[in-house]
**Q** 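Following this message is one structure expressed as structure tokens.
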2 protein chains.
Amino acid sequence: MIDPRLHVLRVLAEVGTLTAAAHRLGYTPSAVSHQLKSLSKDLGVRIVEPRGRGLILTRAGEVLLERSQELFTRWEEIRGELDGLDSGSDIRSRRLRLCGFSTAAATLLPPTASAVKELFPGAEVTIIEAEPEECFDLLVAEHADVAVVVATDPLPPRGDTRFEQAALFSDRLDLLVPAGHRLARRAAVTLSEAAEESWILDRAGSPYHRLVRTACAAAGFQPEQAHQSREWETGAALVSAGLGVALIPRLARLPDGFDVVRVPLRGDPVPSRKILTGIRSGSGSQPIIASALKVLESVSTELAQPE
Amino acid sequence: MIDPRLHVLRVLAEVGTLTAAAHRLGYTPSAVSHQLKSLSKDLGVRIVEPRGRGLILTRAGEVLLERSQELFTRWEEIRGELDGLDSGSDIRSRRLRLCGFSTAAATLLPPTASAVKELFPGAEVTIIEAEPEECFDLLVAEHADVAVVVATDPLPPRGDTRFEQAALFSDRLDLLVPAGHRLARRAAVTLSEAAEESWILDRAGSPYHRLVRTACAAAGFQPEQAHQSREWETGAALVSAGLGVALIPRLARLPDGFDVVRVPLRGDPVPSRKILTGIRSGSGSQPIIASALKVLESVSTELAQPE
DNA sequence: TCGATCATGCAACAGTATTGCACGATTCGG
DNA sequence: CCGAATCGTGCAATACTGTTGCATGATCGA
């Protein structure tokens with residue numbers, strides 16, 4: 001509704017080079033170049049200028065971006081208002097697209113989807129699994145309406161007026177140990193009790209790696225990284241083989257067949273990762289989106305409740 | 001920048017039938033039908049519904065129109081802000097398109113254009129002659145930036161938030177009489193002194209016809225219409241031939257060679273037609289448009305001054 | 001009831017946007 | 001200091017969205 005070329009401009013402002021922006025948007029550099037050129041021509045104002053071998057926004061470009069955000073927000077509000085009063089017409093029903101990182105997509109979103117479908121009969125609910133940073137791209141591109149992401153991630157734009165973010169719940173971390181481990185029988189342990197263990201982490205630089213290091217630092221030690229794993233499943237396999245211990249979010253379900261034990265952590269604060277929701281600014285006025293957020297909340301407390 | 005389909009919807013709301021809207025927009029009915037359909041699909045809301053053999057807006061359509069106007073206004077403001085701070089880049093210079101009814105296009109706009117061109121070197125200034133009602137269409141379609149119209153015209157949407165209208169000046173009306181007429185030598189006359197004359201007017205229903213009748217009614221008589229003329233020039237020819245008298249705005253210049261005399265009118269109020277300017281709401285923040293309005297004002301007082 | 005007016009759907013078409021590739025400019029590593 | 005890599009841009013070919021023209025069914029006025 002609002003000129004999509006503004007999205008292109010915004011991505012360019014973030015990444016700094018036209019090529020990277022194009023890649024992220026699924027266009028070719030040539031296309032992005034033309035879009036910006038035509039936008040600039042339509043406005044009669046120069047909005048980008050070469051800086052090194054990349055492009056930066058001119059003052060006009062920055063102002064354009066800054067001010068136009070209000071348009072997007074306002075538009076989402078209007079959409080919401082429209083949905084609200086269009087009682088019962090099902091020209092194409094409602095449509096809701098939920099996106100989230102893998103764990104969320106597997107555990108949180110399916111029950112949410114079916115609950116929303118019950119509240120809005122005839123609505124079409126889609127689930128998209130995507131990396132957290134990708135999620136926000138999906139939001140702006142209108143390929144998704146609600147995002148569920150991990151707060152710790154590198155690029156959840158903070159204070160970005162494009163989005164409204166809200167804390168959903170804290171996903172507590174459990175200590176994952178082999179079946180025969182000295183801590184396996186304990187009802188709960190503090191993180192520092194595992195300070196001397198060998199640790200299985202994601203590779204350095206990854207969001208999860210940072211999360212674990214931060215938690216351990218808060219407990220007063222540096223984990224010794226013995227092995228790397230990206231997926232919970234491989235991590236569990238390594239733990240099961242006695243190669244070390246790991247932290248795993250309560251939400252992450254493991255396949256059967258691993259000889260491992262989840263030991264709840266206690267402490268103050270209790271180690272956890274923060275899950276939050278994101279929507280396009282203003283889109284919360286759309287009934288189906290508002291209701292999705294509500295359902296998400298009840299679903300997540302329900303999942304987090306069992307200890 | 002804002003979705004142009006909203007313009008289509010607005011015109012439809014005004015005229016009531018898709019075919020008429022299409023005709024006014026220069027599209028075929030088929031195209032308009034598809035535009036509305038795609039808009040409706042994108043929104044997931046029914047925005048028009050059949051009423052008789054025309055279409056009317058649903059409640060959602062009305063709200064959409066009402067609320068989206070703010071977007072257009074805001075966008076114009078942003079444009080203005082951009083133009084303001086883009087100091088000295090001439091990527092395509094500024095561009096200004098003035099539109100006005102025939103007399104204005106002939107007398108008011110040319111000096112305005114050249115004055116603006118001096119203030120904004122390298123700016124490209126265009127003049128478009130158009131009927132007053134057409135002028136507003138040109139504004140919304142972004143084919144023109146400033147309109148100069150006669151207030152008396154049938155469809156200058158009053159209180160329409162799409163436009164900002166401002167009184168420019170009062171164009172006094174002169175009495176046009178043949179050279180040897182009994183009033184020809186007078187320095188000024190009241191309108192009622194010509195009550196018994198034969199009158200040359202535009203055809204009934206035209207804006208000018210209404211204007212003259214209103215003026216005469218204020219002076220206490222009904223003009224007897226002897227002949228019809230659409231253009232000032234033919235009217236002057238008829239007057240010159242002794243077939244009657246006419247009212248002609250001070251602004252309207254007549255070609256040489258007619259044996260006619262302009263006699264200024266006096267009275268309270270002095271018979272005149274009101275000229276006003278129109279711009280898209282918010283676009284007044286664009287420096288070149290603001291300056292055009294300013295220049296227009298000084299140009300018109302200058303033209304109206306000589307007696 | 002007949003004729004006129006209207007909105008809509010479908011296939012053909014036109015115009016716009018995108019792609020792929022080549023070129024010139026800039027930067028970084030050795 | 002130089003070569004390789006990366007970047008943005010322009011041009012012709014292509015793909016696509018949006019428009020046209022016409023036929024159809026529906027509604028209204030006389």
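Naming convention: chains lettered A, B, ... in sequence-line order (proteins, then strands); numbering from 1 in each chain.
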**Q** Please determine whether the number of non-hydrogen atoms from other residues, nucleotides or ligands lying under 6.0 Å from atom CD of B:E77 exceeds 12.
**A**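 Buried by this count: over 12 neighbours within 6.0 Å.
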**Q** Starting from C1' on D:dG8, measure out to NE2 on A:H23 and report it in whole angstrom.
**A**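 Whole-Å distance recorded here is 17 Å.
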**Q** Can you name the nearest heavy-atom pair linking A:L6 to A:L65, along with the distance?
**A**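 In this case the closest contact between A:L6 and A:L65 is O-CD1, 3.9 Å.
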**Q** Check every atom of C:dT8, D:dG8, D:dG21 against the side chain of B:L55 and return the nucleotide holding the closest atom.
**A**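 Nearest to the side chain of B:L55 among the choices is C:dT8.
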**Q** Check the phosphate of D:dG8 against A:K37, side-chain N and O only, distance under 4.0 Å to OP1 or OP2. Yes or no?
**A**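 Checking A:K37 against D:dG8: no side-chain N or O falls below 4.0 Å of OP1 or OP2.
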**Q** In whole angstrom, give the distance that lies between atom CG of B:L9 and atom C1' of C:dA7.
**A**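 Going from CG in B:L9 over to C1' in C:dA7 covers 16 Å.
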**Q** So which one's nearest nucleotide on DNA chain C is more toward 5', A:S30 or B:A20?
**A**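 Of the two residues, B:A20 wins.
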**Q** In terms of side-chain geometry, is the basic nitrogen of B:R79 or B:E76 positioned less than 4.0 Å from the acidic oxygen of its partner?
**A**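 No, no charged N to carboxylate O under 4.0 Å.
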**Q** Could you tell me the separation between the NE2 atom of B:H34 and the P atom of D:dT17, rounded to a whole number of Å?
**A**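 My rounded result for the distance is 15 Å.
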**Q** Is the phosphate of D:dT9, meaning OP1 or OP2, less than 4.0 Å from a side-chain N or O of A:S33?
**A**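 So the side chain of A:S33 is within the cut-off, an N or O lying under 4.0 Å from OP1 or OP2 of D:dT9.
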**Q** Output the rounded distance in Å from CG (B:L12) to C1' (C:dT8).
**A**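 For the pair B:L12 CG and C:dT8 C1', the rounded distance is 14 Å.
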**Q** Could you tell me the separation between the CG atom of B:L18 and the P atom of D:dT19, rounded to a whole number of Å?
**A**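 Checked: the CG to P distance equals 13 Å.
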**Q** Taking all non-hydrogen atoms of both residues, which atom of A:C99 and which atom of A:L109 are closest, and how far apart?
**A**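 Shortest heavy-atom contact: C-CD1, 3.9 Å.
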**Q** On DNA chain C, compare the nucleotides closest to A:R51 and A:A31; which residue's is nearer the 5' end?
**A**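 With A:R51 and A:A31 compared, the 5'-side residue is A:A31.
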**Q** Tell me the interatomic distance from B:L36, atom CG, to C:dA7, atom C1', rounded to whole angstroms.
**A**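 Rounding to the nearest Å, CG of B:L36 and C1' of C:dA7 are 11 Å apart.
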**Q** Under 4.0 angstrom, heavy atoms only, what part of the nucleic acid is B:T19 near: base, sugar-phosphate, or nothing?
**A**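 The residue B:T19 makes sugar-phosphate contact but no base contact.
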**Q** Might you point out which heavy atoms bring B:V146 and B:I279 nearest each other, and give the distance in Å?
**A**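 The pair with the smallest heavy-atom distance is CG2-CG2, 4.1 Å.
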**Q** Which whole-number value in Å describes the distance from B:Y27 OH to C:dG15 P?
**A**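 It works out to 13 Å between those atoms.
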**Q** Which residue, A:P29 or B:R5, contacts DNA chain D at a nucleotide closer to its 5' end, judged by nearest heavy atom?
**A**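 The 5'-side residue here is A:P29.
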**Q** Does B:R53 or A:V48 map to a spot on DNA chain D nearer the 5' end, using the closest nucleotide for each?
**A**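 By nearest-heavy-atom nucleotide position, the 5'-most residue is A:V48.
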**Q** From CD1 of B:I56 over to C1' of C:dA7, roughly how many Å is that when rounded to an integer?
**A**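 Computing the B:I56:CD1 to C:dA7:C1' distance gives 15 Å.
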**Q** Phosphate oxygens OP1/OP2 of C:dA17: is one of them under 4.0 Å from a side-chain N or O of A:Q35?
**A**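 Negative; the distance criterion is not met.
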